[in-house]
S.K.: 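Dropping the structure in here first, questions after.
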Amino acid sequence: MWKRMGALLLVLVLLSSLSACGGQGQDGSLSLSELSEMIQDTDGDERENETRQMEKATEGSAESRYDTAEETAETPAQKITETEEESTGTYEVFTYSIVDSGAVITGVSLGIEGEITVPSEIEGYPVTEIGDYAFHNAERMTEVIIPDSVVSIGERAFANCKKLENIQFGSGVTDIGAYAFVDCESLRSVAIPEGVVTMGEGAFAKCDVLWNVDLPSSLQSIECFAFYCCQLQDVVIKEGTKQIDMTAFYDCDLRLTSITIPASVTTIYSSSVTVDGEQVTDYHLEDCPDVMIYCSGGSAAESWARTWGVSYTLIE
């Protein structure tokens with residue numbers, strides 16, 4: 001609007017000049033059509049200048065936007081690449097990923113054999129976890145040494161390690177996942193360290209020659225089928241454990257002769273199992289007729305043994 005007013009003023013000045021100098025019209029004045037044309041021409045010039053300026057500005061702006069977009073497009077891509085490089089990788093015979101500032105062992109070369117030591121650190125990150133299925137089917141490994149940095153052992157982490165005879169747990173382990181050592185058929189004895197709080201169902205199931213297990217007082221619960229089909233003889237559950245699923249010892253045949261259950265155990269139960277094709281919900285060591293329960297007087301274990309007709313001996 002201001003430009004149009006400026007154009008009108010310019011026309012008036014020109015008009016005055018023309019009048020003073022003898023003008024184009026017979027009476028020395030401009031016709032309405034001529035005035036209109038002059039305004040349009042002036043307006044057009046202004047618009048043309050504006051357009052040129054806008055084109056210049058837009059050109060610069062577009063280049064600037066392109067550069068910015070290019071930088072913006074490259075930066076996330078670079079970040080993603082860097083993140084991927086940091087979050088996954090290989091180290092010696094292991095594959096790993098970085099999670100919450102710790103390294104998780106996610107896999108291992110199946111060609112490994114003999115004694116294997118899990119590293120305590122990878123690329124500056126502490127190894128805090130052995131992931132699900134990490135050593136699954138590593139059939140020629142005979143011994144595994146787990147460092148103190150490892151906190152968790154995942155589901156089926158060492159499943160079907162047929163020749164695994166010895167496990168050296170680090171002091172940092174607190175959690176052993178479900179079926180973590182299932183089908184480790186050469187494992188004869190295992191010492192689970194103090195600090196382990198949870199041990200998933202079937203953790204040592206079908207370890208066919210496992211006859212001795214040392215359980216920690218930190219273990220809160222012994223889950224169903226934990227030692228299914230093992231060859232355990234004498235099981236000592238330490239003061240501190242709170243509950244036991246008796247199917248933990250399902251199908252331990254005639255070898256199991258005693259289970260010592262402390263007063264800290266307040267819950268004893270059984271998960272449903274299928275025996276000879278039938279669902280059984282009250283399964284309690286029926287396949288171990290000679291087992292003796294050692295327990296304190298007035299404890300949950302004594303009450304349970306009385307209820308189910310299992311032999312027991314009171315201890316102080």
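For the single chain, residues carry numbers from 1 onward in sequence order.
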S.K.: Looking at His136 and Leu110, what are the two nearest heavy atoms and their distance?
M.R.: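 Between these two residues, the closest heavy atoms are O-CD2, 3.5 Å.
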S.K.: Just do the side chain to side chain contact (heavy atoms under 4.5 Å, CB included) check on Thr88 and Ser97 with the steps written out, would you?
M.R.: CA-CA 4 Å; Thr88 62; Ser97 61; 4.2 Å; yes
S.K.: At what distance, to the nearest 0.5 angstrom, does OG1 of Thr198 lie from CD of Gln220?
M.R.: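 Interatomic distance, Thr198 OG1 to Gln220 CD, rounded to 0.5 Å: 9.5 Å.
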S.K.: Heavy-atom distance under 4.5 Å between the side chains of Lys242 and Thr267, does that happen here?
M.R.: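 With C-beta onward as the side chain, the pair stays apart.
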S.K.: Step by step, work out the side chain to side chain contact (heavy atoms under 4.5 Å, CB included) result for Ile105 and Val150.
M.R.: CA-CA 10 Å; Ile105 301 295; Val150 170; over 6 Å; no
S.K.: Through direct or indirect side-chain contacts below 4.5 angstrom among Ile, Leu, Val, Met, Phe, Trp and Tyr, which residues connect to Ile145?
M.R.: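 Joined to Ile145, directly or through intermediates: none.
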S.K.: Is any side-chain heavy atom of Leu219 closer than 4.5 Å to one of Ile237?
M.R.: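 A side-chain contact under 4.5 Å is absent here.
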S.K.: Does any non-hydrogen side-chain atom of Phe227 lie less than 4.5 Å from one of Val235?
M.R.: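 Val235 vs Phe227: side chains apart.
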S.K.: Are Met246 and Trp304 side-chain neighbours, meaning at least one heavy-atom pair lies under 4.5 Å?
M.R.: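 Contact flag for Met246/Trp304 side chains = yes.
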S.K.: Tell me the closest heavy-atom pair linking Ser264 and Gly240, and the distance in Å.
M.R.: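 Heavy atoms of Ser264 and Gly240 come nearest at OG-N, 2.8 Å.
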S.K.: Output yes when a side-chain donor or acceptor of Asp132 lies under 3.5 Å from a complementary backbone atom of Glu155, and no otherwise.
M.R.: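 Yes: the side chain of Asp132 pairs with the backbone of Glu155.
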S.K.: Could you tell me if the side chain of Asp175 sits less than 4.5 Å from the side chain of Val197, heavy atoms only?
M.R.: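 SC-SC contact between Val197 and Asp175 ruled out.
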S.K.: Kindly determine whether Gln243 and Tyr269 satisfy side chain to side chain contact (heavy atoms under 4.5 Å, CB included), including the steps that lead there.
M.R.: CA-CA 8 Å; Gln243 66 179 31; Tyr269 63 99; 3.7 Å; yes
S.K.: Determine whether Leu232 and Val236 fall in the same hydrophobic cluster, where Ile, Leu, Val, Met, Phe, Trp and Tyr are linked whenever their side-chain heavy atoms lie under 4.5 Å apart.
M.R.: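 No, because Leu232 and Val236 fall into different hydrophobic clusters, even though each may have its own neighbours under 4.5 Å.
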S.K.: Taking atom types as modelled and ignoring hydrogens, do the side chains of Ser186 and Glu165 form a donor-acceptor contact shorter than 3.5 angstrom?
M.R.: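 There is no such pair between these side chains.
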S.K.: To the nearest 0.5 Å, tell me how far Ile293 CD1 sits from Arg306 CZ.
M.R.: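 Ile293 CD1 to Arg306 CZ: 14.0 Å, rounded to 0.5 Å.
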S.K.: For Lys162, which residues count as a side-chain contact (heavy atoms from CB on, under 4.5 Å) partner, sequence neighbours excluded?
M.R.: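 For Lys162 the side-chain contact (heavy atoms from CB on, under 4.5 Å) partners, ignoring immediate neighbours, are Glu139, Asn160, Asp183, Glu185.
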S.K.: List the steps and the verdict of side chain to side chain contact (heavy atoms under 4.5 Å, CB included) for Val291 and Phe249.
M.R.: CA-CA 11 Å; Val291 69; Phe249 308 105; over 6 Å; no
S.K.: Within the structure provided, determine whether Thr241 and Ser217 are in side-chain contact (heavy-atom separation under 4.5 Å).
M.R.: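 No, too far: nothing below the 4.5 Å cut-off.
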S.K.: Could you pull out the closest heavy-atom pair between Cys207 and Leu187, with the gap in Å?
M.R.: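 Distance-wise, the nearest heavy atoms are SG-CD2, 4.4 Å.
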S.K.: For residues 221-241, pull every pair meeting salt bridge (charged side-chain N to carboxylate O under 4.0 Å, His left out), keeping only residues two or more places apart or in separate chains.
M.R.: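 Sorted result for residues 221-241: Asp214-Lys238.
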S.K.: Determine, using the 4.5 Å side-chain heavy-atom cutoff (strictly less than), whether Met141 and Val93 are members of one ILVMFWY cluster.
M.R.: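 Yes, because Met141 and Val93 connect within a single hydrophobic cluster, where side-chain heavy atoms sit under 4.5 Å apart.
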S.K.: Check whether Thr257 reaches the backbone of Gln233 with its side chain - one donor and one acceptor, N or O, closer than 3.5 Å.
M.R.: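 Yes: the side chain of Thr257 pairs with the backbone of Gln233.
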S.K.: Can you tell me how far CD1 of Ile167 sits from OG of Ser189, rounded to the nearest 0.5 angstrom?
M.R.: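 These two atoms lie 9.5 Å from each other.
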S.K.: Do Thr95 and Thr106 have side-chain N/O donor and acceptor atoms under 3.5 Å apart?
M.R.: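 Thr106 and Thr95 do have a side-chain donor-acceptor pair below 3.5 Å.
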S.K.: Got a second to check how far Asn166's CG is from Cys184's SG, nearest 0.5 Å?
M.R.: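 One gets 12.0 Å once the value is rounded to the nearest 0.5 Å.
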S.K.: Identify, with sequence neighbours excluded, every residue that meets side-chain hydrogen bond (donor to acceptor under 3.5 Å, both in side chains) alongside Gln168.
M.R.: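 In terms of side-chain hydrogen bond (donor to acceptor under 3.5 Å, both in side chains), with neighbours along the sequence ignored, Gln168 is linked to Glu143.
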S.K.: Which heavy-atom pair separates Thr247 from Cys224 by the least distance, and what is that distance?
M.R.: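 Distance-wise, the nearest heavy atoms are OG1-CB, 3.2 Å.
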S.K.: Which one of Val118, Ile112, Val108, Ile130 satisfies the side-chain contact (heavy atoms from CB on, under 4.5 Å) criterion with Val144?
M.R.: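 Among Val118, Ile112, Val108, Ile130, the one meeting side-chain contact (heavy atoms from CB on, under 4.5 Å) with Val144 is Val118.
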S.K.: Between Thr128 and Gly102, which heavy-atom pair has the shortest distance, and what is it?
M.R.: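 Closest approach of Thr128 to Gly102: OG1-CA, 4.0 Å.
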S.K.: Output the rest of the hydrophobic cluster of Ile315: all Ile, Leu, Val, Met, Phe, Trp and Tyr residues reachable through side-chain heavy-atom contacts under 4.5 Å, sorted by chain and number.
M.R.: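 When side chains under 4.5 Å apart are linked, the cluster holding Ile315 also contains Met292, Tyr294.
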S.K.: Find out whether Ile259 and Ile244 are in side-chain contact, i.e. whether some heavy atom of one side chain is under 4.5 Å from a heavy atom of the other.
M.R.: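 Contact flag for Ile259/Ile244 side chains = no.
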S.K.: Just to verify, what does Phe158 make a ring-ring contact (aromatic ring centres under 6.0 Å, His included) with, not counting sequence neighbours?
M.R.: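 So Phe158 forms a ring-ring contact (aromatic ring centres under 6.0 Å, His included) with Phe135, Phe181.
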S.K.: Side-chain heavy atoms nearer than 4.5 Å, only ILVMFWY residues, links allowed to pass through others: does that put Tyr133 and Phe94 together?
M.R.: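 Tyr133 and Phe94: separate clusters.
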S.K.: Could you state the interatomic distance from OH (Tyr125) to OG (Ser120), rounded to the nearest 0.5 Å?
M.R.: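 Result: 15.5 Å between the selected atoms.
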S.K.: Would you say Trp308 and Ile222 are hydrophobically clustered, going by side-chain heavy atoms of ILVMFWY under 4.5 Å?
M.R.: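 Yes; Ile222 is reachable from Trp308 via cluster members.
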S.K.: With side chains defined as the heavy atoms from C-beta onward, is the minimum distance between Glu129 and Val99 less than 4.5 Å?
M.R.: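 No, their side chains stay 4.5 Å or more apart.
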S.K.: If I compare all heavy atoms of Ala205 with all of Phe225, which pair ends up nearest, and what's the gap?
M.R.: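 Closest heavy-atom pair between Ala205 and Phe225: CB-O, 3.5 Å.
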S.K.: Determine, using the 4.5 Å side-chain heavy-atom cutoff (strictly less than), whether Met199 and Val190 are members of one ILVMFWY cluster.
M.R.: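 The answer is yes; both residues are in one hydrophobic cluster.
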S.K.: Working to the nearest 0.5 Å, report the span between CG of Leu256 and SG of Cys230.
M.R.: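 Answer rounded to 0.5 Å: 10.5 Å.
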